[in-house]
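Have a look at the structure below before the remarks.
Just the heavy atoms: all of them, side chains too, but no hydrogens, waters or symmetry mates, feed the values below.
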Amino acid sequence: MAHLAQSLDGRIATTCGISRWLSGEEDLLHTHRMRAIADAVVVGVNTILHDDPQLTVRLCSGDNPVRVILDPEHRLDGSQRVFRDGCAPTLLLVAADRIGAEHQWGQAEVIPVPRGQQGLDPFEIRRILALRRLSWLFVEGGGITVSRFLAAGALDRLQITVAPVILGSGRPSLVLPEIHDLTLSLRPRTRRFLLGDDTMIECDFAPSPHHR
């Protein structure tokens, strides 16, 4: 499952990457609850660079998930909190051709991943994590990472929380391959939830029971 918070005009951050706090407290609490029930929380390198998140469970009860950082080009220098705080097991997934002899990066284990056509292949990521009994994945961001999982068909569900704010510019929420016919658009089953002033739309991409 993936989750994004966006503005009314489909932005997840300003142009320079500032996204705190786009959505409200109830969406933040929901995010912590999702972490608490997941085997692992997955984020891309830009989320770590811009937000330096802890990716832990603090606003509700529950155990911290394994933290999985996708850094294909090995850009992170190890100074970020996820590599130093020791709060949860942390895995750094790097393109196999960018890894040297290191097996640790700070307190994180470095794992090589074969390159796909667009960075690290989402299904290969799922396979590698499943071998470690990490099957319930919460893909928390950012937009590039969630978009690649969605474009690959590697998401069962996607939650988009829309905050009542218009940025007018900034980083887009989802960016998928261009289509020229609306019949090619994704039309998942949806549910809607109110989270304070925000509205969360949950998209279900799993095959419906009568199609299985």
Kindly indicate whether the side chain of [X], heavy atoms from C-beta on, has any atom under 4.5 Å from the side chain of [Y].
| X | Y | result |
| --- | --- | --- |
| Ile125 | Leu70 | yes |
| Arg191 | Arg157 | yes |
| Ile12 | Gln6 | yes |
| Glu25 | Leu29 | no |
| Ile48 | Leu76 | yes |
| Arg192 | Glu202 | no |
| Asp204 | Pro188 | no |
| Pro65 | Asp39 | no |

If two hydrophobic side chains count as joined below 4.5 Å and joins carry through other members, does [X] share a cluster with [Y]?
| X | Y | answer |
| --- | --- | --- |
| Leu129 | Leu150 | yes |
| Ile144 | Val42 | no |
| Ile69 | Phe149 | no |
| Leu91 | Leu137 | yes |

**Asked** Side chains of His50 and Arg171: is there a donor and an acceptor less than 3.5 Å apart?
**Response**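 Their side chains do contain a donor-acceptor pair, which is all the 3.5 Å distance test asks for.
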**Request:** Examine the side chains of Asn64 and Thr56 and answer whether a donor and an acceptor come within less than 3.5 Å of each other.
**Result:**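 Short answer, no.
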Any donor-acceptor pair under 3.5 Å linking the side chain of [X] with the backbone of [Y]?
| X | Y | result |
| --- | --- | --- |
| Thr90 | Ala88 | yes |
| Ser147 | Gly143 | yes |
| Trp105 | His74 | no |
| Thr31 | Asp27 | yes |

Find the distance between [atom1] ([X]) and [atom2] ([Y]) and round it off to the nearest 0.5 Å.
| X | Y | atom1 | atom2 | answer |
| --- | --- | --- | --- | --- |
| Asp121 | Arg126 | CG | CZ | 10.5 Å |
| Arg75 | Leu49 | CZ | CG | 5.0 Å |
| His32 | Ser61 | NE2 | OG | 13.0 Å |
| Phe205 | Arg187 | CZ | CZ | 12.0 Å |
| Ile201 | Thr161 | CD1 | OG1 | 9.0 Å |
| His103 | Leu92 | NE2 | CG | 13.5 Å |

Heavy atoms of other groups near [X] [atom1], more than 12 under 6.0 Å:
| X | atom1 | value |
| --- | --- | --- |
| Glu73 | CD | yes |
| Asp197 | CG | no |
| Leu28 | CG | yes |

Using a strict cut-off of less than 4.0 Å between a Lys/Arg side-chain nitrogen and an Asp/Glu carboxylate oxygen, indicate whether [X] and [Y] qualify as a salt bridge.
| X | Y | answer |
| --- | --- | --- |
| Arg35 | Glu140 | yes |
| Arg115 | Asp97 | yes |
| Arg33 | Glu26 | no |

Which heavy atom of [X] sits nearest to which heavy atom of [Y], and what is that distance?
| X | Y | value |
| --- | --- | --- |
| Gln107 | Asp85 | OE1-C, 4.2 Å |
| Asp52 | Arg81 | O-NH2, 2.8 Å |
| Ala152 | Phe123 | O-CE1, 3.1 Å |
| Phe138 | Ala2 | CE1-C, 4.4 Å |
| Leu93 | Leu120 | O-CD1, 3.7 Å |
| Val82 | Arg67 | O-NH2, 3.1 Å |

**Step-by-step side chain to side chain contact (heavy atoms under 4.5 Å, CB included) determination, Thr15 to Ser169** = CA-CA 7 Å; Thr15 303; Ser169 63; 4.2 Å; yes
